[in-house]
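I have placed the structure first, in the form of structure tokens, so that the comments after it can refer back to it.
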Amino acid sequence: MIDIRFLRDHSDVVRASQQARGADPTLVDAALAADARRRSSLVAFESLRAEQKSLGKQVAQASGEEKTALLTRTKELSAQVKEHQATANDAEAELDALLFRIPNVVEGAPAGGEEDFVTLRTVGTPRDFAAEGFAPRDHLDLGEGLRAIDTMRGAKVSGSRFYFLTGVGARLELAILQAAMDKALAEGFTPMITPTLVTPETMRGTGFLGEHADEIYRLERDDLYLVGTSEVALAGYHGDEILDLSDGPKRYAGWSACYRREAGSHGKDVRGIIRVHQFHKVEMFSYCSVDDAAAEHERLLAWEEAMMAAVELPYRVIDTAAGDLGTSAARKFDCEAWLPSQERYLELTSTSNCTTFQARRMNVRERTDSGTRTVATLNGTLGTTRWIVAILENHQQPDGSVRVPEGLRPYLGGLEVFEPVR
RNA sequence: GGAGACGUCGCAUAGUCUGGUCUAGUGCGCCACCCUGCUAAGGUGGUAACGGGGCAACCCGUUCGGGGGUUCAAAUCCCCCCGUCUCCGCCA
């Protein structure tokens, strides 16, 4: 939710943001009009209510004829108060509905759609498989050879886009996640294992129930949603709280299963485990002061890049275009690893600065010298199941074995190579 | 799943039976000042959030788990929901 006072004072900025996203700029004027209606109806209601309260006190003291006369008057007033209260409530609901549809105000992201990202840097060099004298296999070929990935049985048991990780595949996922948790711990994050089923209020608060509601699994009988990331639970964690951030940001590392319906992606990334309905992820989440949010965003990105280095992958960092930002994000950086089999980059991490957007919906504030104010929230990926794809492909050897990056060996009992099973 | 108790301003609690004097009291904690050569103790005052109006001092409104209802008037009465705790049952 954007700040209505910001909207009042800087409507041009919000309009420009809507344009940069390719969203509807007329929502801004509709919201301003609704706000004006809300305020005028509120003034009318509040003055009537004040009169009602003061007369109510006189009723309590009065008796006899005086009381009867007062009661006649207060009965009239009571009806008027109800009427105006309803009007004010309606105006507020109308404003809320409009505000809910306005995504976060873009901060510094390039304008345009998915293709309009800006590459900030490219790190590492993709291997030249032609020079090495063999054609790279894709991750599923490799994973099947290693008995690490079983998508056939995944489909048998649960349908398409499900899979089993077996043997070294299971161990590799645990290694990635454990390395991510250790990295987070080293940087001062509090490790968290979070709920993966959340209430509608929590899901709404994080901004996932707007345009992207189709992506989310819902358990209708219980009125709960399956989260697509632990960000959801972590954003709700401090809901309705006033935090003390005088010692710096509150940082949490969430470990959870993640569920995505992939409703709009039929036919896309159907092979292997690139795009699946269920996976695991370690997610960084930070509550920080608005003044510190941009710097915190850089820090989250740096920690992600440290993980990319630990698994020895060539990657690029992109500054996502406004139209490709989530509802809550003001800016987003992705680390994309090179995918040899497809000769393209694949998103492995994503870090978003949600500024005060999520925190306002979740009602998370901090105490300052001059009162309270809404905090900023940020999130970023530190490791996911999908990393297996890039690790297998980039570290493969001609015989179908895969070199284990040094950063993961401590988590695999020192194992240096995954050997194919004959 | 069944029975019961409970949910009040950071924490603890009073108030609910008997609706209006609740502008929600008190203690703790916290802040400021005073006193005491330090410390401890004591004294005085202040201590919620949100929204609206105003240049401002300030004024008004909302909020007693959430939502509805009764009433001129609800922390207080009624209904529904959520949560916590205790006991029972069932399951792993």
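In what follows, every chain begins at residue 1, and chains take the letters A, B, ... in the order their sequences are listed. Owing to the predicted nature of the structure, the values given are computational and were not obtained by experimental measurement.
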Mind calculating the distance between [atom1] ([X]) and [atom2] ([N]) to the nearest angstrom?
X      : N     : atom1 : atom2 : answer
A/L77  : B/U71 : CG    : P     : 17 Å
A/E46  : B/U63 : CD    : C1'   : 13 Å
A/Q80  : B/A73 : CD    : P     : 13 Å
A/L55  : B/U71 : CG    : C1'   : 16 Å
A/N89  : B/G52 : CG    : C1'   : 14 Å
A/L224 : B/C82 : CG    : C1'   : 13 Å
A/I242 : B/C30 : CD1   : P     : 19 Å
A/N363 : B/C50 : CG    : C1'   : 9 Å

* In this structure, which one of A/F285, A/W303, A/Y287 forms a ring pair (Phe, Tyr, Trp, His ring centres under 6.0 Å) with A/F189? ->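 Going through A/F285, A/W303, A/Y287 one by one, the ring pair (Phe, Tyr, Trp, His ring centres under 6.0 Å) with A/F189 is satisfied by A/W303 alone.
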* **Residue whose closest nucleotide on RNA chain B lies nearer the 5' end, A/I4 versus A/S47** =>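 Per heavy-atom nearest nucleotide, the more 5' residue is A/I4.
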* Select from A/E51 and A/D35 the residue whose nearest nucleotide in RNA chain B is closer to the 5' end of that strand. =>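 Mapping each residue to its closest nucleotide by heavy atoms, the 5'-most match is A/D35.
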Which part of the nucleic acid does [X] contact within heavy-atom distance under 4.0 Å: base, sugar-phosphate only, or nothing?
X      : answer
A/R365 : sugar-phosphate
A/Q52  : sugar-phosphate
A/L42  : sugar-phosphate

Does a side-chain N or O of [X] approach OP1 or OP2 of [N] to a distance below 4.0 Å, or not?
X     : N     : answer
A/R38 : B/G51 : no
A/K82 : B/U71 : no
A/S78 : B/U71 : no
A/R49 : B/U62 : yes

Distance check, [atom1] atoms only: [N] and [M], in whole angstrom units.
N     : M     : atom1 : value
B/C72 : B/C80 : P     : 24 Å
B/C91 : B/C77 : P     : 40 Å
B/C87 : B/A32 : P     : 46 Å
B/C31 : B/U36 : P     : 22 Å
B/C22 : B/C64 : C1'   : 11 Å
B/C28 : B/U44 : P     : 12 Å
B/C82 : B/G42 : P     : 47 Å
B/G67 : B/G83 : C1'   : 15 Å

In the structure shown, which nucleotide is the Watson-Crick or G-U wobble counterpart of [N], with both distances under 3.5 Å?
N     : answer
B/G37 : none
B/A32 : B/U44
B/C64 : none
B/A56 : none
B/U16 : none
B/C77 : B/G69
B/A3  : B/U86
B/C11 : B/G27

* Locate the shortest heavy-atom distance separating A/A20 from A/A322; write the atom from each residue and the value. =>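 For A/A20 and A/A322, the tightest heavy-atom pair comes out as O-CB, 3.4 Å.
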* Atom of A/E347, atom of A/R386 and distance for their closest heavy-atom approach ->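 In terms of heavy atoms, the two residues are closest at O-NH1, 2.8 Å.
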* To do: Answer yes when A/R73 and A/E51 have at least one side-chain N-carboxylate O distance shorter than 4.0 Å, and no when they do not.
  =>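 A salt bridge is present here (some side-chain N lies under 4.0 Å from a carboxylate O).
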* Asked: Is A/R275 paired with A/E262 through a side-chain N to carboxylate O contact shorter than 4.0 Å?
  ->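 Result for this pair is yes, salt bridge flagged.
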* **Side-chain donor or acceptor of A/T372 paired with backbone N/O of A/T368 under 3.5 Å** =>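 It does not hold such a pair.
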Of the candidate nucleotides [options], which contains the atom at the shortest distance from the side chain of [X]?
X      : options             : value
A/K53  : B/U62, B/C72, B/G52 : B/U62
A/T372 : B/C50, B/C72, B/G51 : B/C50
A/K75  : B/U62, B/C72, B/A49 : B/C72

* Think A/R204 forms a cation-pi with A/F100, using NZ or CZ under 6.0 Å from the six-ring centre and within 45 degrees of its axis? ->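 Flagged: A/R204 positioned over aromatic ring of A/F100.
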* List the steps, then state whether ring-ring contact (aromatic ring centres under 6.0 Å, His included) holds for A/H297 with A/F333. => CA-CA 9 Å; A/H297 202 193; A/F333 302 122; 4.6 Å; yes
* Would you kindly say whether A/T385 and A/E173 are connected by a side-chain donor-acceptor distance under 3.5 Å? =>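 Short answer, yes.
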Show me the protein contacts with nucleotides 53-56 of chain B, counting only N or O atoms at under 3.5 Å.
residue: B/G53; atom: OP1; partner: A/R39; partner atom: NH1; Å: 3.2

* If you look only at pairs with a residue in residues 190-201 of chain A, which of them pass as a side-chain hydrogen bond (donor to acceptor under 3.5 Å, both in side chains), with sequence neighbours excluded? ->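 Applying side-chain hydrogen bond (donor to acceptor under 3.5 Å, both in side chains) to every pair that reaches into residues 190-201 of chain A, excluding sequence neighbours, yields A/T199-A/E201, A/T199-A/T202.
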